[in-house]
Amino acid sequence: MILKSIELKNFRLHKDSVLTFSENLNFIVGGNGQGKTTILEAIYYMCTTKSLNQSPDIESVNFEEKFFEIKGQFEDLTKNRININFNSDVGKKAVLLDEKQIFRAADIIGKFPVVTLIQSDHEITQGSPGERRKFVDSIISQASETYLKIFIDYNKTLRQRSSLLNQIRETKNPSLYSQLDAWTSTLIKTGSEIIRHRIKFKNEFNEYVKNAYQKIMNTIETPDISYQTFTEIEDKNIEEEFAKELNKKKELELIRAKNLVGPHRDDFIFNVNNRELRRYGSQGQHKTFQIALRFAQFFYMKDTMGRVPIFLMDDIFGELDTYRAKKISEYLKEVGQSFITMTDFTNYSDLVKLENDKLIEVENGTVTYV
Amino acid sequence: MLIPEPLQLVIDELSKLPSIGKKTAQRLALHLLKSDKEMVKSLAKGLIDLKEKIQFCEVCFNISVANICEICTSQKRDRSKICVVEEASDIIAIERTNEFDGLYHVLGGVLSPLSGKGVEDLNIKELLKRFESNEVEEIILALNPDTEGETTSLYMAKLIKPLGLKVSRIARGLPIGGDLEFADDATIGRAVISRIDI
């Protein structure tokens with residue numbers, strides 16, 4: 001899938017910008033605060049109808065104006081036009097796909113798959129387990145609607161069950177215990193399906209990560225992701241182990257009125273050469289791992305969805321040594337259409353701009369081609 | 001323009017109904033105003049009869065004209081089977097199929113701690129009472145296939161099975177006559193997992 005062009009009106013710094021893109025690499029160059037990342041924002045908006053850093057729509061409106069509009073043209077087997085406009089007086093956003101209004105974000109998500117490599121990615125390797133679960137869940141949900149459905153069901157079960165645990169703690173009503181058993185059964189059933197999906201994903205995804213990491217580093221370092229749930233489990237007896245573990249924590253769950261066992265507490269451990277990255281990794285290994293995860297995501301999604309995602313990279317070269325910058329720019333040739341922001345192109349003598357690639361300069365919200 | 005009071009009243013009442021907005025309510029009210037007087041009278045009488053003559057069956061909580069509904073009193077129905085549903089409207093849906101000749105029981109909801117629905121709020125005690133006659137042999141759970149419905153089914157099964165009754169749950173899968181390619185992924189996934197031998 002290729003993004004041919006976009007038009008931005010009053011979108012942050014961009015009062016009126018029209019951009020046409022290369023179907024290979026697009027380098028977006030400019031100083032700080034000139035509006036390079038805004039272009040990635042706009043692309044992300046069109047693919048997901050949401051902002052890249054989850055900020056409210058109104059923050060994307062130019063300071064002097066009252067609305068913004070993003071128009072884009074995608075080309076796959078067919079052409080698609082996307083129009084997103086937001087009016088700060090009404091406080092509402094309208095999304096139009098080929099002139100037809102889209103009311104559910106879910107109808108767009110997955111149609112234009114996108115992979116992002118941004119500053120906040122450091123949280124995936126350095127942050128809490130929740131960040132890693134979010135990373136994994138978003139990939140599996142995009143590839144499998146079944147997983148998304150189970151995931152929603154599981155979260156609903158968690159809320160129902162914790163509400164019931166609360167009621168038991170408050171009222172001590174004995175009739176509530178038999179209901180708890182029923183909710184526990186549902187928790188085990190949906191939770192086990194989540195675990196099974198995650199195990200399968202981890203096994204498949206590991207190959208992609210290994211491949212990506214070694215392409216970037218070209219070393220003998222071997223990355224590996226291991227999956228940590230409530231117990232060491234074999235694929236077969238998840239339900240059994242789940243029930244056992246819940247039984248152990250039964251009293252504690254009632255005291256704290258909280259769901260203490262299940263995949264909502266899982267973690268994914270990233271290792272390099274069998275050493276845990278989070279504890280023993282160097283800054284460089286963290287950065288490389290983060291980049292490898294996104295490249296792995298790109299190729300995983302490409303293979304499982306049969307659609308080539310758009311790759312957005314925000315200022316990744318700033319923190320890399322020339323060796324890895326060179327490796328990544330070589331690796332980029334295997335990817336489809338990408339958008340890469342950077343402060344200065346000439347700093348990277350190893351970066352190769354091919355004839356088909358585009359260099360776009362951004363200064364104070366206006367765009368020039370080089 | 002000032003709308004005459006009787007008209008405004010009808011518009012306001014109609015717009016309280018589900019899926020009817022202000023404009024639709026106005027169109028309906030004006031349509032009634034223009035309609036034949038007999039037709040409007042019949043509608044008004046129908047609405048009053050609906051509230052005055054229809055009640056809930058004392059046995060199964062189905063909607064009924066008499067104290068006990070037609071299904072519960074019918075001699076043609078198989079009294080050994082009871083199909084448990086969430087709402088009376090589900091009975092209408094199952095009856096349309098002509099595939100079930102047993103009796104029904106309306107639970108009046110499903111378990112949902114978040115909305116404060118527990119066992120006491122459902123017609124479960126009344127169902128257990130029906131087993132006393134020893135006629136019942138099988139319970140078929142036909143609740144919605146969402147988290148709450150599934151959990152309620154599990155609860156009911158656990159409650160009823162020890163009494164020596166056969167308990168089953170209706171199957172989930174693909175719509176008949178529909179194309180596999182048009183079904184949503186989750187339904188197909190479900191159908192593959194719960195495939196049956198032929």
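On a predicted model such as this, the values are computed, not experimentally measured, just so you know. In what follows, chains carry the letters A, B, and so on, assigned in the order in which the sequence lines appear, proteins first and then strands, with residues in each chain numbered from 1.
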Flag if over 12 foreign heavy atoms under 6.0 Å of [atom1], [X]:
X: Glu95(B); atom1: CD; result: yes
X: Phe56(B); atom1: CZ; result: no
X: Ile196(B); atom1: CD1; result: no
X: Glu5(B); atom1: CD; result: no

Distance (rounded to the nearest 0.5 Å) between [X] [atom1] and [Y] [atom2]:
X: Thr157(A); Y: Glu148(B); atom1: OG1; atom2: CD; answer: 7.5 Å
X: Leu111(B); Y: Leu176(A); atom1: CG; atom2: CG; answer: 10.0 Å
X: Gln179(A); Y: Leu154(B); atom1: CD; atom2: CG; answer: 13.0 Å

Can you name the closest pair of heavy atoms from Thr147(B) and Trp183(A) and give their distance?
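Heavy atoms only, the tightest pair is CG2-CZ3, 3.9 Å.
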
Contacting region of Asn173(A) [heavy-atom separation from chain B under 4.5 Å]:
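It is the side chain, since no backbone atom gets that close.
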
With only heavy atoms counted, which part of Gln167(A) is less than 4.5 Å from chain B, the side chain, the backbone, both or neither?
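Contact with chain B is through the side chain of Gln167(A) alone.
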
With a 4.5 Å cut-off on side-chain heavy atoms, are Thr151(B) and Gln160(A) touching?
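Answer no - side chains too far apart.
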
Part of Glu120(B) within contact of chain A (heavy atom distance under 4.5 Å)
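Glu120(B) touches chain A through side-chain heavy atoms alone.
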
